[in-house]
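Below is one structure; the comments refer to it alone.
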Amino acid sequence: MTGSPKSRIYNTALRYAAGLGILLLFLGAGELLSRYGHVPLPGSVLGMVLLTAALHGGLLRAHWVAPAATLLIRNMGFLFVPPGVGIMVHFGLIEREWLPIVAGGLASIVAVLLTVGLLQQRLERR
Amino acid sequence: MFATPGATSPEAILQAGAAIAATAGAYYGAAWLQRRLGGSFLLNPVLIAVTVLIVALELLGISFASYDRGGWLISFFLGPAVVALGVPLHHQMHEITRRGVAILGSIVLGSLAGILAGTVTAGLLGGSPEVVRTLVARSVTTPIAIAVSGRVGGLPPLAAAISVATGMIVSVMGPLLLRRLRVRTPTAFGLAMGSAGHGIGTARAAEEGAVEGATSGLAIGLMGLATAILAPVAIVLLRLLHLLP
């Protein structure tokens, strides 16, 4: 990482590009496994598991992917704006079914907080 | 990636560019506003950007389909972003191996309880199959919610909206409810906030302390994984209960 400021900028840019490339390779592997391996998980989630395994097994160094990964995670909100705008296609449905959507959502939130919070605390204090 | 038939004409490229620029302007403008006004979670940049863009599209008479000619170039990166969650998951590995069984047990049961409570409530209140299927992916982080809901026949945009709303509700209601339930250990508090409220819940948990923040962050990835695995199982179960056709 030594050298002129200019070569440092190139190094940084290269690290981001290489990191994104690695993430895309794992995404592709996950998608392949999801489609042809008959694993009932989204390709991206499988890619996440494969990446964790590769990092943990020492196949991949964390600093190869960390800059690109951090950039994507920090800006994740920006990435789901377009799917969020897609809600406009479903305004009619929400108007008709606001009650099951809101009540179901709230019931689910309370169930998760209750189960995870109480169970984890009990298991820790054993 | 740029070789889609619709994106080859200069007009289509301009249209896509305008959609991307408007999305970036709306989101980063809202994020700047949130920081300026003291960082309140109510000023969620995703919520503000989505509202502003929908109002603008409605006023200008532009359909979602033509907006999405640029929009999909942004949301394409959700795939690698989910894969990227493997990096923090890797850094948290020691925590998982140390208290593995307790953490995995509460996350898996929490995921199952969340799926069933949400879908059964919605089903009993007359929710349509699309809505019930969408609620399967309710409490996971938004990009995974989008992927899982699409996979089990739900509506990804609705999943995205529910996921963001969920995170905001959890960051307000979560600490109150957990205190009332006398959940006091940092790990239990963090895991509950992260598994119920993903990234937005984690931001709130981190205000309580470092352990709360770290375990909450860990819960995001584990909850996403547990829900993705349990979702197809839950669909079968809901069919048996006649809550889905």
Side-chain angles (χ1 to χ4, degrees), chain A residues 20 23-24 26-27 30 40-45 47-52 55-56 62 65-66 68-70 72-73 76-90 93-94 97 99-101 103-121 123-124, chain B residues 23 27 45-46 49-50 53-54 64 71 74-75 77-87 89-90 93 102 106 109-110 113-114 117-118 121-122 125 127 131 135 138-139 142 146-148 151 155-158 160-162 166 169-170 174 177-178 181 183 185 188 191-192 195-196 228 232:
Chain A
L20 183 63
L23 292 175
L24 286 172
F26 276 85
L27 176 65
L41 287 178
S44 54
V45 177
M48 173 184 85
V49 174
L50 291 175
L51 184 74
T52 313
L55 287 169
H56 201 62
V65 280
T70 311
L72 283 172
I73 293 173
M76 211 175 242
F78 173 57
L79 306 182
F80 49 72
V81 171
V85 174
I87 195 84
M88 64 190 282
V89 178
H90 301 298
L93 175 98
I94 295 174
E97 299 196 37
L99 182 63
I101 293 172
L106 285 176
S108 174
I109 289 174
V110 172
V112 175
L113 284 170
L114 229 129
T115 316
V116 177
L118 289 178
L119 194 65
Q120 178 65 25
Q121 181 157 278
L123 288 171
E124 270 174 45
Chain B
T23 308
Y27 177 78
V46 178
V50 166
L53 288 168
I54 290 179
F64 174 70
I74 298 172
S75 45
F77 288 94
L78 278 173
V82 172
V83 177
L85 288 172
V87 175
L89 208 55
H90 163 67
M93 250 345 208
S106 31
L109 283 178
T121 306
L125 289 171
V131 165
L135 279 167
R138 198 244 357 128
S139 82
T142 310
I146 291 170
V148 171
R151 188 95 196 194
L155 306 166
L158 183 61
I162 293 177
T166 289
I169 292 169
V170 167
L177 186 72
L178 289 172
L181 292 167
V183 172
T185 69
L191 279 183
S195 54

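Here is the naming used below: chain letters follow the sequence lines, and residue numbers restart at 1 for every chain.
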Completion exercise
Applying a strict 4.5 Å limit to non-hydrogen atoms, the region of B:Leu158 in contact with chain A is both
Completion exercise
Heavy-atom nearest pair, A:Gln120 first then B:Ser106, reads OE1-OG, 2.7 Å
Handout entry: Which atoms of A:Ala62 approach chain B - backbone, side chain, both or neither, heavy atom under 4.5 Å
Key = side chain
Handout entry: Engaged part of B:Ile162 at the chain A interface, taking heavy atoms whose separation is under 4.5 Å
Key = side chain
Practice task
Rounded to the nearest 0.5 Å, what's the gap from CG on B:Leu78 to OG on A:Ser44? Could you check?
Solution key: 8.5 Å
Exercise for the section: Compare every heavy atom of B:Val82 with every heavy atom of A:Val45, then report the nearest pair and how far apart it is. Expected result: N-CG1, 4.1 Å
Practice task
Looking only at non-hydrogen atoms, find the nearest pair between A:Ile87 and B:Ala161 and report the distance.
Solution key: CD1-CB, 3.6 Å
Practice task
Return the option, out of A:Gly105, A:Gly86, A:Gly84, with the maximum number of heavy-atom pairs under 4.5 Å with chain B.
Solution key: A:Gly86
Exercise for the section: Show your reasoning for whether side-chain contact (heavy atoms from CB on, under 4.5 Å) applies to B:Leu155 and A:Leu93. Expected result: CA-CA 11 Å; B:Leu155 306 166; A:Leu93 175 98; 3.5 Å; yes
Fill in the blank from the handout: Ranked by heavy-atom pairs below 4.5 Å to chain A, first place among B:Ala81, B:Gly71, B:Ala160 goes to B:Ala81
Practice task
For each of A:Ile101, A:Leu119, A:Val85, tally heavy-atom pairs with chain B at distances under 4.5 Å, and name the one with the top tally.
Solution key: A:Val85
Fill in the blank from the handout: When every non-hydrogen atom of B:Ala117 is compared with those of A:Ala107, the smallest separation belongs to CB-O, 3.7 Å
Exercise for the section: Answer yes or no: is there a side-chain heavy-atom contact under 4.5 Å between A:Leu113 and B:Leu181? Expected result: no
Practice task
Quick one: pull up OG1 in B:Thr185 and CD in A:Gln121 and give me the separation to the nearest 0.5 Å.
Solution key: 4.5 Å
Problem - Shortest non-hydrogen separation from B:Val87 to A:Ala69 and the atoms involved - result: CG2-CB, 3.7 Å
Problem - CG-CG distance between B:Leu85 and A:Leu72, expressed to the nearest 0.5 angstrom - result: 9.5 Å
Exercise for the section: Check each atom of B:Leu109 against the heavy atoms of chain A and say whether the ones under 4.5 Å are side chain, backbone, both or neither. Expected result: both
Handout entry: Atom pair CG (B:Leu89) and CG (A:Leu55), whose distance is rounded to the nearest 0.5 Å
Key = 9.5 Å
Completion exercise
Looking only at B:Thr121, B:Leu125, B:Val183, most heavy-atom pairs under 4.5 Å shared with chain A are made by B:Val183
Exercise for the section: Would you name the heavy atoms of B:Gly114 and A:Val112 that are closest together and state the gap between them? Expected result: CA-CG2, 3.5 Å
Problem - Part of A:Leu51 within contact of chain B (heavy atom distance under 4.5 Å) - result: side chain
Handout entry: B:Ser195 vs A:Thr115 side-chain heavy atoms within contact, under 4.5 Å
Key = no
Problem - Best-contacting candidate, A:Gly77, A:Ala66, A:Gly30, against chain B by heavy atom pairs under 4.5 angstrom - result: A:Gly77
Exercise for the section: Report yes if some heavy atom in the side chain of A:Leu20 is under 4.5 Å from a heavy atom in the side chain of B:Phe77; otherwise report no. Expected result: yes
Exercise for the section: Quick one: do A:Val81 and B:Ile74 satisfy side-chain contact (heavy atoms from CB on, under 4.5 Å)? Show the steps, please. Expected result: CA-CA 8 Å; A:Val81 171; B:Ile74 298 172; over 6 Å; no
Handout entry: Most contacts with chain B, counted as non-hydrogen pairs under 4.5 angstrom, among A:Val110, A:Ile94, A:Leu79
Key = A:Leu79
Exercise for the section: Would you mind checking which part of B:Pro45 comes under 4.5 Å of any heavy atom in chain A, side chain (CB onward), backbone (N, CA, C, O), both or neither? Expected result: neither
Practice task
Please work out which of the three classes, parallel, tilted or perpendicular, describes the rings of A:His56 and B:His90, given edges at 30° and 60°.
Solution key: perpendicular
Practice task
Compare all side-chain heavy atoms of B:Ser75 with those of A:Pro82 and state whether any distance is below 4.5 angstrom.
Solution key: yes
